[in-house]
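Worksheet for the structure shown next.
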Amino acid sequence: MLLKRSLPKVRWKSWVKPWQQIDWLLFCLPVAVSIFGGIMILSTELKQPVTDWWWHWLVAGIGVFIALFLSRIRYENLLQWHWITYGLTNFSLIAVMLAGTSAKGAQRWISVAGFNVQPSEFAKIGIIITLAALLHKRTASSLDNVFRALAITAVPWGLVFLQPDLATSLVFGAIVLGMLYWANANPGWLILLISPVISAILFSIYWPLSEPIDLTKVLAVGLGFLGFKEIGFASLGFLKEIAVTPLGILWAFAMAFVGWLTLTWRRSGLAAIGAWTLNILGGELGVFAWNHVLKEYQKDRLTVFINPDHDPLGAGYHLIQSRIAIGAGEIWGWGLFKGPMTQLNFVPEQHTDFIFSAVGEEFGFVGCLVVLFVFCLICFRLLHVAQTAKDNFGSLLAIGVLSMIVFQLIVNVGMTVGLAPVAGIPLPWMSYGRSAMLTNFIALGIVESVANFRQKQKYY
C-alpha cells in the first residue's frame, strides 16, 4: 500500500491529450497499408539479395513519427509560411535540375547524405499548402482567382515537367482540379481547363475508328469543285503537318458548347469561338509535342496500354506480365510467397509501380478488393475531415491530399490491369519509394492536424 502511494501516478490521459481529437481510423489504416506493403515487397524480392522491404518499414516508421508530430501542431501556422513554402519548393526543383542525379533518362533526384531524395514528391505538399492559402483568402468562384491559382501552380509544374517527370506533373494537375472544385469553381470551367489536354490526346494518338483526316485531299477536292483545278496537291503540302481527327473535331465542338453555357461573355458568341479555338490549338500543340518534345519512352508509356501486344517484348512487356500475374491469382490467389510470376520475377519493377500485381497473384480477386476497400476508407475519412474542418484553409488542405491519393490510386491500379497508361505513379504507402512514403505521411500529418484542432465532432 505504501509502495503504491509512493510511486508517481501515471497520467496516461495527459500523454494522449495532444492527439485525442485526431482521426485514429485515418491514421491507422495507412500504417496498416505500409506494413502490408513491406510484406508484399519482401515477397517480390524473396529470392534476391536486396532489403527494400526493410527500408520500406524503416522509412514508414520515420513517417509515422513525423505525422504524429505534425498532427499536434496547429495547421493554421502554415498560412503565414505558405510563400516561404512555395519558394523552397521552387528552389528545390531548380536545384535538382542544376545538380541532380540522373537515372532512366530523367534528372529527378538530389543526393543528400548518401540518399537520393526526389524533390518533386515533396513539391506536392508545397503546392497543396500554397493553393489552400490562396483559395482560403479568395475562392475560385471568379475566373480571376482561378487564373491566379493556375499561374502560381504553373512555375513548379513547369519545373517538374522539364525534369522530365510526366507522372508527377499529372498529379499536380489532379491536385489543382480537386482544390479548385472544392473552392467553388464552376465545373464547366474545370472541363474547359482540361479540354486542351484531351484534345492533344485525341489529335496526336490515333485511336480505333479515329484515323486522321488528310486535309490536302479534302481541300483539293473542294477547290476543284469551285473551279480552281490548277491548285494541286503540291501547293497544299504544308497541310500535312496539321493533324485532324474526327474525335478531335467533335470534342472541340462539344467544348464550344460548354464554353457558351458557362462563360460570362456567351451572348456574343466569343465564349464558344474561344473554347473551340483553344481546343484546336491544344490539339495541334499536342501533335507538335508528340513529334518533337516527348521522348520515346514517354510515348511508349502513354500508348502501350491500348495495344500491349504490339510490342510484347519491349514497351508492352510490363503490362502483359502484370495482367498475367493478376489473372493467375483468380479468386483467392496462390498464397503469400507462392505466386509463380512474383517469385520468378517475371514482372519488372514489381516492388515499386507494379506492387498491386503481386497482391492480385498471391491474394487473388478477394485480396485486391480488400486493398481497394481499405483505400476507399482512407479516402472517405479524408473527405470527412474536409467536411468538418473549422475553416476553409483546413478543408482545402484535406481535399488537396484527397485529390493526390485518389489520382495516384486510380492511375496505379488502372495501369497494372491495362486500363491506364504506364505513367510511373506509385501506389500510396504500398509501393517502395522513400521520398513518396515520407510525402504521404507528411500529408497525413497535416490532415490529422486539421482533424485535431477542429471542433469536437461525433464520428459516424
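Worth knowing before you read on, the calculation uses all heavy atoms, side chains too, and leaves out hydrogens, waters and symmetry mates.
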M179 and I175: CA distance, side-chain angles, deciding distance, side-chain contact (heavy atoms from CB on, under 4.5 Å) verdict: CA-CA 6 Å; M179 296 183 72; I175 291 171; 3.7 Å; yes

Of all heavy-atom pairs between A132 and L397, which one has the smallest distance, and what is that distance? CB-CD2, 3.8 Å

Is there a side-chain contact between S403 and L177, using heavy atoms and a 4.5 Å cut-off? no

Whether the side chain of H56 engages the backbone of G37 through a donor-acceptor N/O pair (distance < 3.5 Å, no angle test) should be reported. no

Between T85 and I125, is a side-chain contact (heavy atoms from CB on, under 4.5 Å) present by the stated rule, with each step listed? CA-CA 9 Å; T85 302; I125 304 298; over 6 Å; no

H82 versus Y86: any side-chain heavy-atom pair under 4.5 Å? no

Heavy-atom count around F365 CZ within 6.0 Å, excluding the residue itself: above 12? no

Whether over 12 other heavy atoms sit under 6.0 Å from F346 CZ: no

S395 and W182: side-chain donor and acceptor closer than 3.5 Å? yes

Can a donor-acceptor pair be found between the side chains of N452 and S71 at a distance below 3.5 Å? no

Can you give me the closest heavy-atom contact between M415 and P421, atom names plus distance? CB-O, 3.3 Å

Atom pair CG (L143) and CG (L150), whose distance is rounded to the nearest 0.5 Å: 10.0 Å

Taking atom CH2 as the centre, does W81 end up with more than 12 heavy-atom neighbours from other residues, nucleotides or ligands that are less than 6.0 angstrom away? no

Heavy atoms only: give me the nearest A275-M255 pair and the separation to one decimal. CB-O, 3.3 Å

Option among N145, D144, T139 that satisfies the side chain to side chain donor-acceptor pair (under 3.5 Å) test with S142: N145

Could you give the distance from CD (E361) to OG (S322), rounded to the nearest 0.5 Å? 10.0 Å

Please test D391 against Y75 for side chain to side chain donor-acceptor pair (under 3.5 Å), starting from the C-alpha separation and ending with a verdict. CA-CA 11 Å; D391 57 19; Y75 66 93; 2.9 Å; yes

Inter-residue atom distance W276.CH2 - N279.CG, 0.5 Å rounding: 10.0 Å

Between T168 and E121, a side-chain donor and acceptor under 3.5 Å: no

Taking C-beta and beyond as the side chain, do V411 and L170 meet within less than 4.5 Å on heavy atoms? no

Do you know the tightest heavy-atom contact between G424 and D353? CA-OD2, 3.3 Å

Start with the C-alpha distance between I249 and L202, add both sets of side-chain angles, then the distance that settles side-chain contact (heavy atoms from CB on, under 4.5 Å), and finish with yes or no. CA-CA 9 Å; I249 294 296; L202 295 177; over 6 Å; no

Looking only at atom types and distance, does a side-chain atom of S435 sit under 3.5 Å from a main-chain N or O of Q118, one as donor and one as acceptor? yes

Report yes or no: does N412 contribute a side-chain atom to a donor-acceptor pair with the main-chain N or O of I425 at less than 3.5 Å? yes

To the nearest 0.5 Å, what is the distance between CG on L193 and CG on L180? 7.0 Å

Within the structure provided, determine whether P156 and F172 are in side-chain contact (heavy-atom separation under 4.5 Å). yes

Distance-minimising heavy-atom pair for Y432 and T352: O-CG2, 3.5 Å

Give a yes or no answer on whether the side chain of W251 reaches the backbone of S195 with a donor-acceptor pair at less than 3.5 Å. yes

Roughly how far, to the nearest 0.5 Å, is CD of E76 from CZ of F453? 7.5 Å

Could you walk me through whether M341 and I324 satisfy the side-chain contact (heavy atoms from CB on, under 4.5 Å) test, starting with their C-alpha distance in whole Å, then the side-chain angles of each, then the deciding distance to 0.1 Å, before giving a yes or no? CA-CA 8 Å; M341 297 285 292; I324 293 174; 3.8 Å; yes

Just wondering, do F354 and I326 contact through their side chains at under 4.5 Å, heavy atoms? no

Between the main-chain N or O of V413 and the side-chain N or O of T416, is there a donor-acceptor pair closer than 3.5 Å? yes

Stepwise salt bridge (Lys or Arg N to Asp or Glu O under 4.0 Å) test for E448 and R381: CA-CA 10 Å; E448 289 291 8; R381 299 312 300 176; over 6 Å; no

Rounded to the nearest 0.5 Å, what's the gap from CG on L159 to OG1 on T89? Could you check? 10.5 Å

What I'd like to find out is whether the side chain of I73 reaches to under 4.5 Å of the side chain of F69, using heavy atoms alone. yes

Correct closest heavy-atom pair for F375 and M430 would be CE1-SD, 4.4 Å

Below 4.5 Å, heavy atoms only, C-beta onward: do L261 and F257 meet side chain to side chain? yes

Can you confirm if the aromatic rings of F363 and F36 lie within a centre distance of less than 6.0 Å? yes

W429 side chain near I405 side chain, heavy-atom distance below 4.5 Å: yes

